[in-house]
There are 2 protein chains.
Amino acid sequence: MNISDVASSTGLPVKTIRYYEDIGLIAPARSANGYRQFSDSDLHKLAFIGRARSLGFGIDACRDLLRLYNDQKRASADVKKLAKSHLGEIDRKIAELGQMRATLSHLIDACAGNDRPDCPILADLAADHDHA
Amino acid sequence: MNISDVASSTGLPVKTIRYYEDIGLIAPARSANGYRQFSDSDLHKLAFIGRARSLGFGIDACRDLLRLYNDQKRASADVKKLAKSHLGEIDRKIAELGQMRATLSHLIDACAGNDRPDCPILADLAADHDHA
DNA sequence: TCTTGACCTTCCAGTAACTGGAGGCCTTAT
DNA sequence: ATAAGGCCTCCAGTTACTGGAAGGTCAAGA
């Protein structure tokens, strides 16, 4: 299988697949002309990584997940721990964004949005929020 | 005012303040020895930027907000438009993270988390989610 | 056979917004 | 005089790609 076939069957961009080889996530064989030749195993790995990335796991976490996946003697506790830690990160981000959302949405509601210069949004940004 | 004073009163790291000068957000004066000399206006600008950043606005949006802030003839509609667009971005991110959270949390609940290798999390990652 | 177009390759640079560190001058206090 | 600490610049690294240039390869049609 050539790279563009792999791209269309995994949904990953060609560039991304090359990048994943670069950083050592996969190591596809090469044919005589220098083209990458992807095995089913490469394909599965890439699909696995793509799925993990879509759940927000970082590249290093993907590496760990792949290692655990290939380890027949793994303990599911290790996987769960990794996933829980990632869930914590997600929750932290959601909380942060939720906080931003609340403040911003409040300010937007307070803003007339007309051709006058008075603006509660700018007023808030300029106000003293005290970091001292 | 020297840079570390500004850092402690704005809550921004010294490195970040230098960076903001680098990219043209501020242009503090220099004293004879080459040290940056921050005016009250510089200080206010930095506080403004810091606040905008804490609401998740990107650097370019900060530049726009600062420009609007300094424009006495601005229309609040322009500020509101910018803020609304940013709110949309935030909502998009929250939705994406919420989706991840839901899936991941479901998988975590299904995982025994013991010393056995069976793991619904890995099973899901390895499963065919069909991008073809 | 030649050419054209779609592949494939590598390498370099850029993205967002900093952050860390090296090497070195300036200031202040002992 | 010296040591500590603040300031300076410049370079490199971070995350996870993405775009583009320059060039080799392959299959099909005229």
Side-chain angles (χ1 to χ4, degrees), chain A residues 1-38 42 45-46 48-66 85-86 89-90 92-93 96-97 100 131, chain B residues 1-38 42 45-46 48-66 85-86 89-90 92-93 96-97 100 131:
Chain A
M1 248 182 149
N2 278 349
I3 198 165
S4 66
D5 303 317
V6 176
S8 51
S9 74
T10 58
L12 296 170
V14 165
K15 280 277 193 185
T16 299
I17 296 170
R18 291 203 191 98
Y19 172 69
Y20 287 166
E21 182 186 17
D22 246 34
I23 62 173
L25 282 179
I26 52 167
R30 297 291 180 129
S31 40
N33 58 14
Y35 288 17
R36 290 171 183 81
Q37 277 306 325
F38 295 85
D42 294 323
K45 268 188 195 175
L46 285 168
F48 183 100
I49 296 164
R51 174 71 175 154
R53 292 286 300 120
S54 81
L55 290 179
F57 287 99
I59 292 291
D60 281 351
C62 288
R63 229 182 276 272
D64 291 345
L65 287 167
L66 219 39
S85 148
H86 178 47
E89 270 300 290
I90 289 177
R92 212 185 43 68
K93 282 181 193 163
E96 189 182 351
L97 287 169
M100 287 177 186
H131 281 273
Chain B
M1 249 182 149
N2 277 349
I3 198 165
S4 67
D5 304 317
V6 176
S8 52
S9 74
T10 58
L12 296 170
V14 165
K15 279 277 192 185
T16 298
I17 297 170
R18 291 204 191 97
Y19 172 69
Y20 286 166
E21 182 185 18
D22 246 34
I23 61 173
L25 282 178
I26 51 167
R30 297 291 179 129
S31 39
N33 58 12
Y35 286 18
R36 291 170 182 81
Q37 277 305 325
F38 295 85
D42 293 322
K45 268 189 193 175
L46 285 168
F48 183 101
I49 296 164
R51 174 73 174 152
R53 292 287 298 120
S54 81
L55 290 179
F57 286 99
I59 292 290
D60 282 350
C62 289
R63 228 183 276 273
D64 291 345
L65 287 167
L66 220 39
S85 148
H86 178 47
E89 270 300 289
I90 288 177
R92 212 185 42 69
K93 282 182 192 161
E96 188 182 352
L97 287 169
M100 287 177 185
H131 283 273

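In what follows, every chain begins at residue 1, and chains take the letters A, B, ... in the order their sequences are listed. Remember, predicted model here, so these are calculated numbers, not experimental data.
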Checklist entry - When the distance from NE2 of His86(B) to P of dA16(C) is rounded to whole Å, what number comes out? => result 15 Å

Next on the checklist: Taking any heavy-atom pair under 4.0 Å as a contact, classify Phe57(A): base, sugar-phosphate, or nothing.
Outcome noted: nothing

Checklist entry - From Arg36(B) CZ over to Arg18(B) CZ, what is the distance, rounded to the nearest 0.5 angstrom? => result 5.5 Å

Checklist entry - Is a side-chain donor or acceptor of Asn2(A) paired with a backbone partner of Ser4(A) at a separation under 3.5 angstrom? => result no

Next on the checklist: Expressed as a whole number of angstroms, how long is the span from Gln37(A):CD to dT9(C):C1'?
Outcome noted: 14 Å

Checklist entry - When the distance from CD of Glu21(A) to P of dC17(D) is rounded to whole Å, what number comes out? => result 15 Å

Next on the checklist: Rounded to whole Å, please give me the gap between CG in Asn2(B) and C1' in dC25(C).
Outcome noted: 14 Å

Next on the checklist: Using a heavy-atom cut-off of 4.0 Å across all strands, would you classify Ile23(B) as base, sugar-phosphate, or nothing?
Outcome noted: nothing

Checklist entry - Just how far, in rounded Å, is P of dA17(C) from CZ of Arg63(B)? => result 10 Å

Item to check | Nucleotide dA17(C), atom P - distance to CZ of Arg53(B) in whole Å | outcome: 5 Å

Item to check | Of the listed nucleotides dA16(D), dG21(C), dG6(D), the one nearest the side chain of Lys15(B) | outcome: dG21(C)

Item to check | Side-chain donor or acceptor of His86(A) paired with backbone N/O of Leu55(A) under 3.5 Å | outcome: yes

Item to check | Any Arg36(B) side-chain N or O less than 4.0 Å from OP1/OP2 of dC7(D) | outcome: no

Checklist entry - Yes or no on side-chain contact (heavy atoms from CB on, under 4.5 Å) for Arg63(B) and Ile49(B), after CA distance, side-chain angles and deciding distance? => result CA-CA 8 Å; Arg63(B) 228 183 276 273; Ile49(B) 296 164; over 6 Å; no

Checklist entry - Counting side-chain heavy atoms from CB outward, which of dC8(C), dT19(C), dC8(D) is closest to Tyr35(B)? => result dC8(D)

Next on the checklist: Is the phosphate of dT10(C) approached by Arg30(A) (side-chain N or O, under 4.0 Å from OP1 or OP2)?
Outcome noted: yes

Item to check | Distance in angstrom units between Ile3(A) CD1 and dC26(D) C1', rounded | outcome: 17 Å

Checklist entry - With respect to the phosphate group of dC11(C), does any side-chain polar atom (N or O) of Arg18(A) fall under 4.0 Å of OP1 or OP2? => result no

Checklist entry - Atom OH of Tyr20(B) to atom P of dA16(C): distance rounded to whole Å? => result 14 Å

Checklist outcome for this item: Sorted by position of nearest nucleotide on DNA chain D, 5' first, the leading residue of Thr16(A) and Asn33(A) is Thr16(A)

Item to check | Which atom of Leu46(A) lies closest to which atom of Leu12(A), heavy atoms considered | outcome: O-CD1, 3.7 Å

